[in-house]
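Okay, structure first, notes after.
Residue numbering restarts at 1 for every chain, and letters A, B, ... go by the order of the sequence lines. This structure is a prediction, so every number in the text was calculated from the model and none was measured.
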Protein chains: 2
Amino acid sequence: MKLLTRDTDYAVRALIFIGKANKRKIGIITVDEIVRSLNLPKALLRKLLQTLSKNKILKSGRGKHGGFSLLKDPGKINVSDIISIFQGPVDFTNCLLRNEPCPNRKVCRVRKKILSLSGYVDRELKKITLSSLT
Amino acid sequence: MKLLTRDTDYAVRALIFIGKANKRKIGIITVDEIVRSLNLPKALLRKLLQTLSKNKILKSGRGKHGGFSLLKDPGKINVSDIISIFQGPVDFTNCLLRNEPCPNRKVCRVRKKILSLSGYVDRELKKITLSSLT
DNA sequence: CCTTAATGATACTATTTTAGTATCATTATA
DNA sequence: TATAATGATACTAAAATAGTATCATTAAGG
Ligand code: FES
Ligand code: FES
């Protein structure tokens, strides 16, 4: 039972790399540089970073000397965000009777339990920020 | 991001059904009865119940008047058990650098965080017993 | 015994999600 | 204007999930 897919994992690793570089005042990082350091499949990583750009996690520059840098403060980027982007929001409340419109949804204690569990996990994942990782 | 696959979901629903029947002193339930009540695909449900038997959750009887009943006390069957059977154990510690043997595994705070999160989720899921569901 | 009604074992197919590739278009710099 | 970067997009491959089919075995009951 895994929590993160490979997309999320690669994305986080790339973000850590970019975050570290930004810390050392290296403003812009290219896909090639990340690939050289982390040994990830280039075509895939490009796709992932493009997705992160669309989702306002990264800023991108095109053309010669283009590349990526963090758009937000590393303290404001967290694992829950990245999961949301690649795997959908952290939400476990696909209830056990999901196919039928569960009759006792409102009072069901299980649902309440799963709901609170899900909330807890999400809050904890939100605490794992990029700055805590670099 | 979902927590339960359909296998787990179906299995839990079937177990709830069997548990309720057992409560009413109906000892043995057939796959057909469950299928009639819950409208699940029969061939699939058979496979799932067979798996539950192999895993000592259900007791099965063959031949005429055969069927399934709970092997363990419903208070001792929980959602974590069922997830373990169909999705592998509740364990989120596929670490972020999983491909390499992560150098700082021992001291990594993220790993510790994920580890404790995973433990927490597992403990909570263990509290959701079949008896709490019926 | 023989029929019937149940699960056991197992192999197979189909669908969906995840993982990964390829290509052309666009843009900025030198 | 050549080059080196990302944007957009469409495609393929692999793995996990979901579902089916079939024959073997077993127990009950006439
Ligand atoms: S199982 Fe659906 S609300 Fe409880
Ligand atoms: S990321 Fe692997 S141990 Fe921290």
Worksheet item: Quick one: on DNA chain D, does A/R46 or B/A43 contact a more 5' nucleotide (nearest heavy atom)?
Response: A/R46

Worksheet item: Roughly how far, to the nearest 0.5 Å, is the CG atom of A/N78 from the CG atom of A/L125?
Response: 8.0 Å

Fill in: Minimum heavy-atom distance B/V90-B/I83, with the two atoms named
CG2-CG2, 3.9 Å

Fill in: First encountered from the 5' end of DNA chain D, between B/H65 and A/I29
A/I29

Practice prompt. Please confirm whether the backbone N or O of B/T129 pairs with a side-chain atom of B/S132, one donor and one acceptor, at under 3.5 Å?
Written response: yes

Item to complete: Could you check B/D122 against B/S80 for side-chain hydrogen bond (donor to acceptor under 3.5 Å, both in side chains), going step by step and ending with a plain yes or no?
Response: CA-CA 6 Å; B/D122 195 34; B/S80 168; 2.6 Å; yes

Practice prompt. Using a cut-off of strictly less than 4.0 Å, decide whether B/Y10 has a side-chain nitrogen or oxygen near OP1 or OP2 of D/dA18.
Written response: no

Worksheet entry | Spacing of B/L44 atom CG relative to D/dA16 atom C1', expressed in whole Å | 14 Å

Worksheet item: Please give, in whole Å, the distance from D/dA5 C1' to A/F68 CZ?
Response: 9 Å

Discussion item. Determine whether a donor-acceptor pair (one donor, one acceptor, N or O, separation below 3.5 Å) exists between the side chain of A/K54 and the base of D/dG7.
Written reply: no

Fill in: For atom CD of B/Q50 and atom P of C/dG8, their distance in whole Å
5 Å

Worksheet item: Between D/dA18 atom P and B/D9 atom CG, what is the distance in whole Å?
Response: 9 Å

Worksheet item: OP1 or OP2 of C/dG8 sitting under 4.0 Å from any side-chain N/O of B/S60?
Response: yes

Fill in: Residue-phosphate contact under 4.0 Å: A/T5 side-chain N/O, C/dA19 OP1/OP2
yes

Response to the item:
From CD of A/E33 across to P of D/dT6 the rounded distance in Å is 9 Å

Fill in: Length of the line joining A/K47:NZ and D/dC11:P, which is rounded to integer Å
14 Å

Item to complete: Give a yes/no answer on whether the side chain of B/R62 brings an N or O atom under 4.0 Å of OP1 or OP2 in D/dA28.
Response: no

Worksheet item: Do you know which two heavy atoms are closest between B/S53 and B/F68, and how far apart they sit?
Response: OG-CE2, 3.3 Å

Worksheet item: Separation of B/K42 atom NZ from C/dT7 atom C1', in whole Å?
Response: 10 Å

Worksheet entry | Whole-Å distance separating the NZ atom of A/K64 from the C1' atom of D/dA2 | 7 Å

